[in-house]
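Remarks on the structure that follows.
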Amino acid sequence: MDAQGLGLLPTLVVSLTIAFAGGVLARAVRLPPILGYLGAGIVVGPFTPGFIADQTIANELAEIGVALLLFGVGLHFSFTDLLAVRRVAVPGALLQIAVTTAIGLTVGQVVLGLDPVAATIVGLSLAIASTAVATRALEERGQLTAPAGRIALGWLVVQDLVVILALVLIPALGTGAASAADFATQLGRAVLQLVGFVAIILLVGRRAIPSLLGYVARLGSRELFTLAVAVVALGVAYGSSLLFGISLALAAFFAGVVLGESDLNHHAAAEAMPMQHVFAVLFFVSAGMLFDPTTLVRMPLEIAAVVVAIVVGTGLATLLILLGLRASPETAGVVGATFAQIGEFSFILTDLAVRRGMLPTSGRDLVLAAALIAIIVNPLVFPLLARLAVWLGHLPMVERWRGRGGPPLPHRAPRVSNHAILIGHGRVGATVATALARHGLPYVVVEADRRLAERLRERGGHVIYGDATREEVLAAALPQAARLIVVALPDAFQARRVISLARTLNPKIETAVRTHSDAEAHYLADLGVGLAVMGEREIAFGMSDFALQRLGVSAEDAQETVNRLRARKRPVASAA
């Protein structure tokens, strides 16, 4: 059934349903869900029988997905983190991109028969690893916060910046200019438009965007804040594309960068994440719809050549470059294997080039097919490159080179460590904070009330604004480096969620929880919570202790009786 003319709803519902099924199937066989999403696009695309989604609507939804994806990249973009690994990530990533692009250019011209411009675009698309796949691979191996993860994230930032530059250059290259002078004019116009947009967004948006979201946050409406984040991400992107002629994705990226510099960034990222995930899925579905599965049969050798270019040009090249920069063999192997795949930004570049008439659809199909295969085989690449890195690292020549010293590998101490995390700064949280401050013990407050968070920050407190039940927000308090988390939230479900997230990030963290029922207190105690406090019970225990001592019971015996009462799993009896 063809969905042309049926509208938005059939395309949206069927695409998401099949993408969900594909993602579940992919994870069941321990593959990235992105493969399931791309497979869903193939299923609902025009090259397979059955339901055919509306390509126009799918492309428009995918454009929203790209904008939100780049908005998220901007929110997490950090010049500070990039500077911390600049001596390794910046030269290494630029050299890797140049090497991979050269390999891809050669494959594009010699094997695929493309013209130099099209072959260059293919080469560049093979040089940009998937951020989603890379971070998932690092996380699964416990390397995300290790030196390998730090280098990889900085490397990805440099790759993202190159993609941003390419998004500006490709439209200028695709104008069909007849001469070098015409091309220079088109390129100059594009650069001026970009400079004008960046100037306005930095001079005006840097204050206006955080101020707007700060005002909305102080209104105390969660749905309004979520809507405001969507308006900033998509409104700024769409308005900028109309006024300055730049892409939605590029404008959304800079809007994210501006917002990422404010203290609202964690909460904004948490609210934008669900939207970003859903529309990113639609982007991958849209990319899959463009893929002709017969390409696998018609051009198997060409696809194999592109896959080899990815594994060698990105994975192996990264490994060798890191060894050349005197990284440890273990780090070089992990980062190299992490980058031996391509994904979302490669699809964005090739799709833009096809729409500009700079790349034939067969070139895009080859990149899509190679990306699918590279992602599938990526888990197998890790042990191979790890062994290769160790073997190369123990060669006498390499050992002598590493022994000479060089750019220091990143080691970043947490901004705060061995601290307590206070979830909520109401009456309970404020009392705990006062006790900790009196003894000079470090603590971080996570507070969802914007007005209160601002007052605490004015007093010099270390405060994270946002909903602690969102991983993005809680992670900003560095639970992996904390000793204790005190959950002073009135809602039992929220408290359980916070404890679960905290223990995922730090299984050894001590916990203290406020609760409002005896059953909930014992339930939390059974889960291993260090202290589950119910107000009414503590009042009863305090009165019992007072009464027993005033009636002649020794302090030790009174305390023993109270401790026995605490251990009971029945509600404390109340006097009539």
Side-chain angles (χ1 to χ4, degrees), residues 1-27 29 31-69 112 118 121-122 125 130 132-133 249 277-300 302-303 306-307 341-376:
M1 180 177 64
D2 195 330
Q4 296 290 342
L6 294 182
L8 173 65
L9 190 60
T11 297
L12 184 63
V13 173
V14 174
S15 297
L16 288 177
T17 301
I18 299 180
F20 169 72
V24 170
L25 180 61
R27 288 303 294 166
V29 294
L31 290 173
I34 184 177
L35 292 174
Y37 308 150
L38 291 167
I42 296 172
V43 170
V44 301
F47 301 104
T48 54
F51 181 90
I52 301 176
D54 189 315
Q55 183 72 63
T56 302
I57 292 177
N59 287 342
E60 290 177 349
L61 293 173
E63 197 164 8
I64 296 174
V66 173
L68 290 174
L69 184 68
L112 309 181
I121 292 171
V122 168
S125 71
S130 167
V133 175
H277 285 167
V278 171
F279 281 98
V281 167
L282 292 172
F283 162 71
F284 290 121
V285 172
S286 174
M289 290 175 65
L290 301 172
F291 177 61
D292 183 357
T294 61
T295 304
L296 296 170
V297 179
R298 289 186 289 106
M299 295 185 286
E302 291 87 342
I303 292 173
V306 176
V307 172
Q341 43 77 25
I342 59 174
E344 56 271 16
F345 290 122
S346 304
F347 305 153
I348 294 171
L349 288 175
T350 54
D351 185 52
L352 178 60
V354 168
R355 287 190 278 114
R356 293 285 178 170
M358 302 168 63
L359 181 69
T361 56
S362 60
R364 180 182 59 197
D365 287 345
L366 282 170
V367 171
L368 281 169
L372 290 172
I373 295 173
I375 292 172
I376 290 174

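- Here the straight-line distance linking atom CG of Leu35 with atom CZ of Arg27 works out to 10.5 Å at 0.5 Å rounding.
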Can you give me every donor-acceptor pair (side chain of residues 357-365, partner residue at least two apart or in another chain, under 3.5 Å) with its distance?
| residue | atom | partner | partner atom | Å |
| --- | --- | --- | --- | --- |
| Arg364 | NH1 | Asp351 | OD1 | 3.2 |

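- Take Ala19 and apply the side chain to side chain contact (heavy atoms under 4.5 Å, CB included) test, not counting sequence neighbours, and it matches Tyr37, Ala40, Val281, Val285.
- The distance from the CG atom of Leu282 to the CG atom of Leu16 is 4.5 Å, given to the nearest 0.5 Å.
- In this structure Phe20 satisfies the side chain to side chain contact (heavy atoms under 4.5 Å, CB included) test together with Val24, sequence neighbours excluded.
- Distance check: Arg356 CZ to Ile121 CD1 gives 11.0 Å after rounding to the nearest 0.5 Å.
- Screening Val43, Val44, Leu9 against Val14 for a side chain to side chain contact (heavy atoms under 4.5 Å, CB included) leaves a single residue, Val44.
- With contacts defined as side-chain heavy-atom distances shorter than 4.5 Å, the pair Leu61/Leu12 qualifies.
- Closest heavy-atom contact between Ile342 and Ser346: CB-OG, 3.4 Å.
- Contact annotation: the side chain of Met289 never approaches that of Ile42 to less than 4.5 Å [non-hydrogen atoms, C-beta and beyond].
- Atom CG of Leu352 is separated from atom CD1 of Ile348 by 9.5 Å, given to the nearest 0.5 angstrom.
- By the side chain to side chain contact (heavy atoms under 4.5 Å, CB included) test, Ile64 is found to be paired with Leu68, Leu234, Phe279, residues two or more places apart in sequence or in another chain being considered.
- Among pairs with a residue in residues 7-24, none fulfils salt bridge (Lys or Arg N to Asp or Glu O under 4.0 Å), at least two apart in sequence or across chains.
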- Query: Should Phe347 and Leu368 be marked as a side-chain contact (heavy atoms from CB on, under 4.5 Å) after you check the CA-CA gap, both sets of side-chain angles, and the distance that decides it?
  - Reply: CA-CA 7 Å; Phe347 305 153; Leu368 281 169; 3.4 Å; yes

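- Rounding to the nearest 0.5 Å places OG of Ser125 at 13.5 Å from CZ of Phe345.
- In this structure, Gly36 and Ala26 approach most closely via the heavy-atom pair N-CB, 4.0 Å.
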- Message: As a quick check of understanding, evaluate side-chain contact (heavy atoms from CB on, under 4.5 Å) for Leu366 and Ile303, giving each step before the final call.
- Response: CA-CA 6 Å; Leu366 282 170; Ile303 292 173; 3.5 Å; yes

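- Scanning for side chain to side chain contact (heavy atoms under 4.5 Å, CB included) contacts around Thr17 gives Val13, with sequence neighbours left out.
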